Amino acid sequence: MRRLRLEISGAVQGVGFRPFVYRLARRFDLAGWVSNTSKGVVVEVDGDTEVLAQFAEALQKEKPQVSIVQDIRSEYLDTAGFATFEIRKSTVGKIEAFVLPDLATCGECTLEILDPDNRRYRYPFTNCTNCGPRYSIINSIPYDRPSTTMSGFRMCSECRKEYEDPLDRRFHAQPNACPECGPHLELWNLDGTMLAERDDALRKASAEILEGKILAIKGLGGFHLITLAGSDEAVRTLRSRKGRRMKPFALMFPSILQVSEFCVVSSEERKVLQAPRSPIVLLKKRDKPNSSISISELVSPSNPEYGVMLPYTPLHILLMMEIGEPVIATSGNLSDEPICTDEMEALERLKGIADLLLVHNRPIARHVDNSIVRIFKEREMVLRRARGYAPLPVSMEEESASVFATGGHQKNTLALSIGRNVFISQHIGDLDTPQALRAFSEVWNSIGALYNAHPDIIAYDMHPDYISSVKARESEIRGIPVQHHIAHVYSCMLDRGVKSPLLGVSWDGTGYGSDGTVWGGEFFHITDGTAKRIAHLRRFRLPGGDKAVKEPRRSALGLLSELYDDPVKLLPPGTFSREESDVMKRMISSKLNSPLTSSVGRLFDAVASILDLHQTIEFEGQAAMALEHAIGNKMTEKSYPLEVLSPPGEPMVIDWAPLIKGVIMDASEGMDTGIISAKFHNTLVEGIAAVAETIGERKVVLSGGCFQNVYLLRRVLDVLENLCYEPFIHRSIPPNDGGIAPGQVMAALMMNSE
Ligand code: ZN
Ligand code: ZN
Ligand code: FE
């Protein structure tokens, strides 16, 4: 007879872990206790050592579906002579337990809201320990009802009974509620007048959507704009009101069955769509939808994919049942602003966009957008980390100093390391608007407060003017600036647990280089604690600087100016007016307002412009996406020549001159754009292979926004694996600038330990 003590850390609070242990102990007929602690859950049981081992094994195997066990420490002690098994009161100390993300409605709760005999029939705020809001309602931890935005609602006696019964699915379900005691819905017009409430509001809202109206709906982590995806008119109106001409809108479908009528869905994609984290999944459109209903061409114009999600709250389940066909569900904001969370703010900010508002009285503690993922080679690749993922950490091998990182400028997120966990905030967005800056400050304050953190180091981007860097430098904590593309590489190393030495390939649109030029086509040799830039793309000028991001034609002109005396002639007719091209040429020759760049993203832009896919764009990456999508089913193993120059004492240079000459030649001979694009992509992959061959490190880490390009990814993995390299791509941290903050944490720790 011995006493077994288990200390379980991870996401084990608020997920029904203690009742699970309670039931398990009863099954094995063991006496003892279970309790929440600052780190997670502690269990002690007396028993026969063989039974105790079986108990410990069952605990790991059968743990609640939504819990995440990071570590179990077990020890055998002398028996304590327990008489019964009990759930003991929590002890609070230094907080290290995870805050859970918001979880999609579970199967059991779904059945309840659809059952006319259940007291929660059609109740949009139904939840239990297996599902429902978490991160979006938590004000502080430990996670208890008074520290959530449910603190203003008093549980009725029936809800209280569930909440206090260790054997109930709602035992300590903090947002537990019912129609008697919980939040309720209201339908408002644009001056805030209530038109209907409760179930009536829900039914009227769905009827209005079916009529083609645009509704602003308060969901879990903020407002979304919802309108019928099948109506050209509704989608056109939404586009014009939101100021968004081309960028694809995400869709919500009533069922997985209907998703498969419009999209090709693999079993892995189906699994992720239906998982509690419930992200938007990028899915390939079917050539011919197999459905009696339709989706407007305007939803995702000239794009082979839809962003798709399933209803993730009871409110969405009930709405979608009434509507019965796909709707657009897009962030409630003007383009590029963070999502709006408060109904008064929504009235103000969304009055020019929405026709009506469906609101409720459960406050949202913090904005949490929808997450976006792609399934690549049967595994998830997160492109935007928010609802369902944030603020879960990615863990390091060892405990280290605490670092807080303020991220980049675009797709901003924040990160904080405590112990061996790197917590990553939800997606905040581009830090260009007052709303975004406010969200940045709010997340900054709340992430520190939630974990009661006292970081030793603050890491930030090297860019002198990024607001995220300016704010970091104002802090009293010791600062460590991190170069953008080095942060990308470390971000992927953290994501995949890869150790140096290795070759880091960091390709994206823009980042401030340590020589003051604009980087974006970088290769680093990462060895113990150092990152040495060993190669980069040949540089060219960007006439107009930042303006080039929105105008691929500027990248084309800058690039062609390096090779030709009259570059405008090589661009499609009408790309520039006479005056425009004169101004640009002068900028380039005088080197004024035309910084040098080694960006692969801008090289993509230049080629897209030469091939006349896009001369100006609306959203980041649009031209590069068009170039990738142009390939379609066109296959070729051909490529263009590429030169790798080795100037003495300097990084190698990947020279695109022969590549660009080849593109121009093929285009002038009328070769299919898709084939030219495939050859272009293949050439870039050969460039990576060529650098890898000269460095000779077996491990190759691929990071930066360019590695969201599926053709490029597939090809580079194939080629490197064939050459016996071990390539690593992002999985749970975005390859784009959403991954900069955790990368900064890792890079700073590395520099700090030197
Ligand atoms: Zn549930
Ligand atoms: Zn109740
Ligand atoms: Fe970047």
Side-chain angles (χ1 to χ4, degrees), residues 104-105 107 110 114 206-207 209-215 224-239 246-313 316-330 370-381 383 625-626 628-635 674 710-711 714:
T105 308
T110 305
L114 301 181
S206 14
I209 292 168
L210 278 168
E211 288 290 311
K213 294 275 174 35
I214 298 169
L215 264 80
H224 287 99
L225 295 162
I226 303 235
T227 201
L228 214 54
S231 159
D232 283 343
E233 167 111 41
V235 185
R236 200 175 295 122
T237 309
L238 179 61
R239 285 208 176 276
M246 293 289 284
K247 195 175 179 186
F249 282 126
L251 296 173
M252 184 180 276
F253 283 77
S255 65
I256 185 78
L257 200 73
Q258 214 178 68
V259 175
S260 58
E261 293 173 2
F262 289 91
C263 306
V264 184
V265 191
S266 72
S267 62
E268 189 56 33
E269 286 163 341
R270 177 186 302 258
K271 217 169 87 191
V272 174
L273 279 167
Q274 295 177 311
R277 55 193 184 278
S278 186
I280 293 170
V281 182
L282 299 181
L283 297 177
K284 199 172 170 314
K285 292 177 184 172
R286 278 188 187 280
D287 292 337
K288 282 206 181 74
N290 177 16
S291 178
S292 54
I293 47 178
S294 65
I295 294 177
S296 167
E297 283 293 325
L298 303 171
V299 167
S300 162
S302 51
N303 191 309
E305 294 178 323
Y306 285 129
V308 171
M309 69 190 129
L310 289 173
Y312 50 86
T313 72
H316 293 103
I317 292 171
L318 295 167
L319 262 179
M320 293 310 291
M321 258 179 36
E322 302 270 316
I323 296 167
E325 53 181 292
V327 296
I328 287 176
T330 185
N370 291 322
S371 296
I372 304 176
V373 310
R374 171 194 296 294
I375 306 304
F376 179 78
K377 296 208 165 189
E378 268 98 72
R379 280 183 64 190
E380 203 173 10
M381 179 184 223
L383 303 177
M625 269 165 70
E628 178 194 352
H629 294 153
I631 301 174
N633 307 326
K634 305 202 177 77
M635 286 297 156
V710 173
Y711 183 92
R714 225 177 261 292

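What you see is a predicted model, and the numbers here were worked out from it, not measured in a lab. Below, each value reflects all heavy atoms present in this structure, side chains not excepted, and no hydrogens, waters or symmetry copies.
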Validation row: [X], [Y] side chains within 4.5 angstrom (heavy atoms):
{"X": "Val281", "Y": "Val259", "answer": "no"}
{"X": "Ile295", "Y": "Pro289", "answer": "no"}
{"X": "Ile323", "Y": "Leu210", "answer": "yes"}
{"X": "Pro311", "Y": "Met321", "answer": "no"}
{"X": "Phe249", "Y": "Thr227", "answer": "no"}
{"X": "Leu282", "Y": "Ile372", "answer": "yes"}
{"X": "Val308", "Y": "Val265", "answer": "no"}
{"X": "Lys288", "Y": "Asn290", "answer": "no"}

Got a second to check how far [X]'s [atom1] is from [Y]'s [atom2], nearest 0.5 Å?
{"X": "Leu298", "Y": "Thr237", "atom1": "CG", "atom2": "OG1", "value": "10.0 Å"}
{"X": "Ser255", "Y": "Leu273", "atom1": "OG", "atom2": "CG", "value": "11.0 Å"}
{"X": "Asn370", "Y": "Ile280", "atom1": "CG", "atom2": "CD1", "value": "4.5 Å"}
{"X": "Glu325", "Y": "Leu251", "atom1": "CD", "atom2": "CG", "value": "11.5 Å"}
{"X": "Met635", "Y": "Tyr711", "atom1": "CE", "atom2": "OH", "value": "6.0 Å"}
{"X": "Leu228", "Y": "Glu233", "atom1": "CG", "atom2": "CD", "value": "11.5 Å"}

At their closest point, which heavy atom of [X] faces which heavy atom of [Y], and how far apart are they?
{"X": "Glu261", "Y": "Ser291", "result": "OE1-OG, 2.9 Å"}
{"X": "Pro254", "Y": "Pro326", "result": "CD-N, 4.0 Å"}
{"X": "Ala104", "Y": "Ala275", "result": "CB-O, 4.2 Å"}
{"X": "Val235", "Y": "Ala229", "result": "CG2-O, 4.0 Å"}
{"X": "Gln258", "Y": "Phe262", "result": "O-CD1, 3.4 Å"}
{"X": "Ser300", "Y": "Arg239", "result": "N-NH2, 4.5 Å"}

Listed once per pair and sorted, the salt bridge (charged side-chain N to carboxylate O under 4.0 Å, His left out) pairs that draw on residues 294-310, sequence neighbours left out:
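Sorted result for residues 294-310: Glu305-Arg374.
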
Could you name each residue pair satisfying salt bridge (charged side-chain N to carboxylate O under 4.0 Å, His left out) that touches residues 267-281, not counting sequence neighbours?
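Matches after skipping sequence neighbours: Glu268-Lys271, Arg277-Glu380.
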
Please check if the side chain of [X] supplies one atom and the backbone of [Y] the other of a donor-acceptor pair under 3.5 Å.
{"X": "Lys285", "Y": "Asn303", "value": "yes"}
{"X": "Ser260", "Y": "Leu257", "value": "yes"}
{"X": "His629", "Y": "Met625", "value": "yes"}

Carefully, step by step, assess Leu319 and Met252 under the rule side chain to side chain contact (heavy atoms under 4.5 Å, CB included).
CA-CA 11 Å; Leu319 262 179; Met252 184 180 276; over 6 Å; no

Dump the intermediate steps for side chain to side chain contact (heavy atoms under 4.5 Å, CB included) on Ser296 and Arg236, then the final yes or no.
CA-CA 9 Å; Ser296 167; Arg236 200 175 295 122; over 6 Å; no

Atom CD of Gln274 with >12 non-hydrogen neighbours under 6.0 angstrom:
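Enclosed.
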
